[in-house]
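Written below as structure tokens is the structure these notes are about.
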Amino acid sequence: MKLYNLKDPNEKVNFSQAVKLGLGHNQGLFFPKNLPKITPNMLKELLEMNFIERSSKILELFIGDEISKNDLFNKVKAAFSFYKPIMKPITKKISCFELFHGPTLAFKDFGARFMAQILSFLNQHENKLITILTATSGDTGAAVAHAFYKMKNVKVIILYPKNKISKLQEKMFCTLGHNIKTIAIEGSFDECQTLVKMAFDDQNLKIHTGLNSANSINISRLLAQICYYFEAFSLIENKYQKNLIISVPCGNFGNLTAGLLAKSIGLPIKSFIAATNANDTVPNFLKTGVWKPKKTISTISNAMDISQPNNWLRVEEIFKRNNWNIQQLNYGSVTDIITKQSLKELFSLNYISEPHASIAYTLLKNNIKNNEYGIFLGTAHPAKFKQTVDDILQQDIPLPTSLKKRVHLKLLSYHMKPNFSKLRSFLLGD
Ligand SMILES: *Cc1c(COP(=O)(O)O)cnc(C)c1O
């Protein structure tokens with residue numbers, strides 16, 4: 001697989017380099033040089049396979065012979081073994097595709113676990129220390145921490161905005177210890193992300209620590225996420241497949257990028273909705289053509305509190321490469337007030353959701369046309385946002401075991417101002 005840097009097309013790398021580097025020069029994102037295409041016949045075959053088999057075929061189309069078929073299959077199996085396909089019908093024409101039944105109860109388990117498998121596979125003969133440095137707005141941290149937990153030669157450092165993620169999210173990954181270190185940064189997610197980018201610009205630091213990011217900027221995470229769009233498609237009744245519209249709750253726009261890549265290689269999804277909360281840089285851009293990030297606003301859908309979404313350049317690149325018009329992308333932004341109403345509405349339809357998916361639901365409901373079938377992505381388990389969900393619905397929703405186990409554990413996080421030289425010393429320490 002060949003990839004190039006979107007900011008410097010002269011920088012070309014293969015898949016394993018892209019996975020190890022995370023980002024290219026000038027903080028540029030890597031993007032595949034060739035986008036594979038599947039024929040309708042191949043699509044038919046793929047849709048008949050089981051999830052692991054199919055996912056491994058799809059990833060093979062991108063990765064090529066850099067990893068043998070057999071190794072790739074085994075890694076995919078190890079990464080995705082937790083998977084249970086759950087498509088919950090909400091109304092006659094709308095379902096929620098639940099992606100949150102993995103170890104950390106969010107869709108990020110797919111990308112993080114695949115990346116962990118690939119990285120440890122690529123590193124198995126080198127015996128070098130890898131430092132995973134990641135910024136999280138809530139769920140990435142947990143997924144990455146669990147995916148790399150106790151892995152040999154890997155040290156994980158996770159930055160998150162202090163007091164801006166839910167208590168249970170924090171318990172999920174700041175209580176692990178061993179090779180997992182967490183730092184509560186006194187600032188916003190965007191500040192955490194900036195610190196990570198600065199670390200990647202520091203060549204010396206990079207070499208000394210074997211720095212790698214597991215953010216959705218890492219191409220391996222995005223590729224992994226393509227796989228579940230095929231699964232969603234396969235779970236829809238034939239008669240609806242032609243008119244399928246998928247609403248994606250967006251933060252850093254990795255999930256949407258993966259969906260668009262699925263469409264680009266030949267999964268016939270009719271259209272997507274980019275759903276954001278009040279952090280509406282993209283909806284505003286699509287409306288006015290002006291890219292003008294505002295200061296990040298805290299909302300009840302905190303995993304989407306991002307005003308400078310990293311993956312947007314990849315989204316634009318996919319549109320360009322396919323000669324699609326960016327105006328075909330549906331979009332919308334939803335306030336907290338509407339998010340709460342929508343959560344209540346879903347509850348009245350007998351479905352307990354959480355703020356992120358509720359945003360996608362609302363925009364889907366408002367945009368869907370008569371002949372269309374709609375799916376919104378359930379990106380996290382409602383129990384991860386228990387306090388918020390309980391307050392809004394006046395319920396006491398039960399915690400799944402994976403969370404219950406952690407609630408009483410002590411938080412092990414360090415605290416830090418958003419100061420790069422402090423972070424640098426921390427990374428160079430033991
Ligand atoms: C990360 C996250 C999102 C946003 O996904 P992106 O790929 O960053 O756009 C949405 N919902 C939840 C629950 C998340 O954890």
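Remember, it's 1-based here, ligands and their atoms both numbered in the order they're listed. Values in this document were obtained by computation on a predicted structure and should not be read as measured data.
- Annotation for ligand 1: atoms under 4.0 Å from non-hydrogen atoms of Asp139 are 12 (C), 13 (C), 14 (C), 15 (O).
- Atoms of ligand 1 found under 4.0 Å from any heavy atom of Ala303, numbered from 1 in the order shown, are 2 (C), 12 (C), 14 (C), 15 (O).
- For Phe30, the ring-ring contact (aromatic ring centres under 6.0 Å, His included) test picks out no residue, with sequence neighbours left out.
- Here is the list of ligand 1 atoms found below 4.0 Å of a heavy atom in Lys108: 1 (C), 2 (C), 3 (C), 14 (C), 15 (O).
- In this structure, Asp190 does not pair ionically with Lys295, as no charged nitrogen and carboxylate oxygen lie closer than 4.0 Å.
- Closest heavy-atom approach to atom 8 (O) of ligand 1 among the candidates Asn255, Asn252, Asn311: Asn252.
- Residue contacts with ligand 1 for Met304 involve side-chain atoms from C-beta outward but no N, CA, C or O (heavy atoms, distance under 4.0 Å).
- Between Lys320 and Glu317, at least one side-chain N (NZ, or NE/NH1/NH2) sits under 4.0 Å from a carboxylate O, which counts as a salt bridge.
- Here Tyr149 pairs with His178 under the ring-ring contact (aromatic ring centres under 6.0 Å, His included) rule; sequence neighbours left out.
- A donor-acceptor pair under 3.5 Å links the side-chain atoms of Asp109 to the main chain of Thr104, judged by distance alone.
- Using a 4.0 Å cut-off between charged side-chain N and carboxylate O, Lys270 and Glu372 make a salt bridge.
- The contact set between ligand 1 and Phe253, taken as ligand atoms under 4.0 Å from a residue heavy atom, comprises 6 (P), 8 (O), 9 (O).
- Less than 4.0 angstrom separates some heavy atom of Gly254 from each of these atoms of ligand 1: 6 (P), 7 (O), 9 (O).
- Those atoms of ligand 1 with a heavy atom of Cys250 less than 4.0 angstrom away are 9 (O).
- At least one heavy atom of Pro249 sits less than 4.0 Å from an atom of ligand 1.
- Assignment of Phe107 to the shell around ligand 1 is supported, since a heavy atom sits closer than 4.0 Å.
- Each of Phe376, Phe97, Phe347 was scored for a ring-ring contact (aromatic ring centres under 6.0 Å, His included) with Tyr361, with one residue passing: Phe376.
- Note on Lys206 versus Asp201: no salt bridge recorded, every NZ/NE/NH1/NH2 to OD/OE distance being 4.0 Å or above.
- The residue Lys384 has no part lying near ligand 1, judged by heavy-atom distances below 4.0 Å.
- In terms of polar-atom proximity, Thr379 is counted as a contact of ligand 1, with an N or O under 3.5 Å from an N or O of the ligand.
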